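Treat the numbers as computed from the prediction; the structure is a model and nothing was measured. Heads up: numbering here begins at 1 and tracks the sequence. Side chains are part of it too, since the values below use all heavy atoms of this structure and drop only hydrogens, waters and symmetry mates.
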Amino acid sequence: MKDLAVGGAVQAAPGQGWTRDQQAEAAAAETVEATEKDALPTPLSQQEEEGRSLVEMIREAQEKAEAQREAMKLPKSSVRYGDAPLEAYARLARARSAADVNAASGYARRRLAQFKTALHTDSDNAAKIKAAINQLQKAVNRGEKKKRELTREHLTEVRRKKAAKEDRREKEQQLRQELRRRKSQRIIRESGYLREAEISDRLASHLTATQMELRQQAQELAAATSASLETAVQQYAAVEAAPAAPADAGFTGQA
């Protein structure tokens with residue numbers, strides 16, 4: 001019985017009865033073990049840190065997407081770019097002299113310079129601006145062509161009057177028909193310019209609307225994907241952070 005009592009006392013106080021060297025070695029071993037436990041991170045803390053990093057990255061991506069959506073909501077330019085080519089062609093069609101044609105071409109050149117500047121400041125309407133620039137440049141070139149046509153028509157009219165004065169009716173009638181044909185062809189071409197400008201503006205407007213819709217859909221998809229990923233990461237981090245139940249929780253160690 002005494003041996004059992006002594007054994008129990010030794011187990012209760014393992015340091016009793018040891019030499020000083022043994023006690024010092026035991027204390028040093030305990031210190032080293034405690035230091036190693038503090039220095040080495042647990043797998044759980046690493047997982048929590050990775051989960052927080054992912055959440056922060058997703059939050060930053062969502063903030064950028066939100067900023068882009070807010071930028072899309074800003075008031076856009078109210079300039080109707082397609083109206084300028086129509087106005088230039090209308091002025092060109094009304095022109096009856098070289099001076100009138102120069103005035104119409106001057107309007108087209110001024111609008112052309114303005115739209116080239118707008119191309120760098122209004123990127124959302126780039127398709128409309130490019131279409132308008134193309135038509136305005138054509139209006140300038142067609143203005144030069146009309147001046148040549150007006151000059152030929154004027155010379156034909158001078159010849160017709162001369163033939164009428166000389167009483168050359170057949171020649172006068174021939175020149176009259178030629179003059180009528182030239183004017184008719186020019187009027188048909190000028191009305192075609194207006195239709196061309198209108199169709200170009202419609203196509204550019206459709207292209208711009210399609211691009212804006214695709215851009216909006218891409219932003220909404222990116223935002224939805226980011227939100228789903230953030231939810232999944234948060235759920236994963238919550239599961240990993242929860243303390244695991246011991247497998248032998250019901251075992252007491254008693255037979």
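- The residues E87 and R111 are annotated as not salt-bridged, no charged nitrogen and carboxylate oxygen being separated by less than 4.0 angstrom.
- No more than 12 heavy-atom neighbours from other residues, nucleotides or ligands sit within 6.0 angstrom of CZ on R202.
- You'll find the side chain of D124 reaches within 4.5 Å of the side chain of D122, heavy atoms only.
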Practice task
Kindly indicate, with the supporting measurements, whether the criterion salt bridge (charged side-chain N to carboxylate O under 4.0 Å, His left out) is fulfilled by E149 and K146.
Solution key: CA-CA 5 Å; E149 290 177 339; K146 181 166 184 176; over 6 Å; no
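- Between E172 and K165, the closest side-chain pair of non-hydrogen atoms is not below 4.5 Å.
- In this structure, NZ on K183 lies 14.5 Å from CD1 on I188, to the nearest 0.5 angstrom.
- Atom NZ of K130 has 12 or fewer heavy atoms from other residues, nucleotides or ligands within 6.0 Å.
- Judged purely by distance below 3.5 Å, without hydrogens or angles, the side chains of D201 and Y81 never pair a donor atom with an acceptor atom.
- The two residues H120 and K116 have their closest heavy-atom pair at CD2-O, 3.3 Å.
- Closest heavy-atom contact between D83 and R80: OD2-NE, 2.8 Å.
- Considering every non-hydrogen atom in both A139 and A108, the closest pair reads CB-CB, 4.3 Å.
- Nearest heavy atom pair, residue G143 against residue V101, reads O-CG1, 3.1 Å.
- Interatomic distance, N134 CG to I129 CD1, rounded to the nearest 0.5 Å: 13.5 Å.
- Here the rule is side chain to side chain contact (heavy atoms under 4.5 Å, CB included) with K171, and of K162, R159, E166 only R159 fits it.
- Listed by chain and residue number, Y89 satisfy the ring pair (Phe, Tyr, Trp, His ring centres under 6.0 Å) test with Y193 (two or more places apart in sequence, or in another chain).
- Salt bridge annotation for E198-R195: absent, with no cationic side-chain nitrogen under 4.0 angstrom from a carboxylate oxygen.
- Taking CD from Q135 and CG from L194, the interatomic distance works out to 10.0 Å, rounded to the nearest 0.5 Å.
- Rounding to the nearest 0.5 Å gives a distance of 14.0 Å between NZ of K128 and CG of L119.
- The heavy-atom pair separating A84 from Y107 by the smallest distance is O-CE2, 3.7 Å.
- A donor-acceptor pair shorter than 3.5 Å cannot be found between the side chains of N102 and S105.
- Here R186 pairs with E153 in a salt bridge; the nearest charged N to carboxylate O distance falls below 4.0 Å.
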Exercise for the section: May I have the step-by-step check of side-chain contact (heavy atoms from CB on, under 4.5 Å) for R189 and Q185, ending in yes or no? Expected result: CA-CA 6 Å; R189 283 197 303 271; Q185 290 178 349; 3.9 Å; yes
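- The pair R142-E196 meets the salt-bridge criterion, since a charged nitrogen lies less than 4.0 angstrom from a carboxylate oxygen.
- A heavy-atom distance below 4.5 Å is not found between the side chains of I133 and L136.
- Hydrophobic clustering of Ile, Leu, Val, Met, Phe, Trp and Tyr side chains at less than 4.5 Å, counting indirect connections, keeps L179 apart from L150.
- Side-chain contact between D100 and R94 is absent, with no heavy-atom pair separated by less than 4.5 Å.
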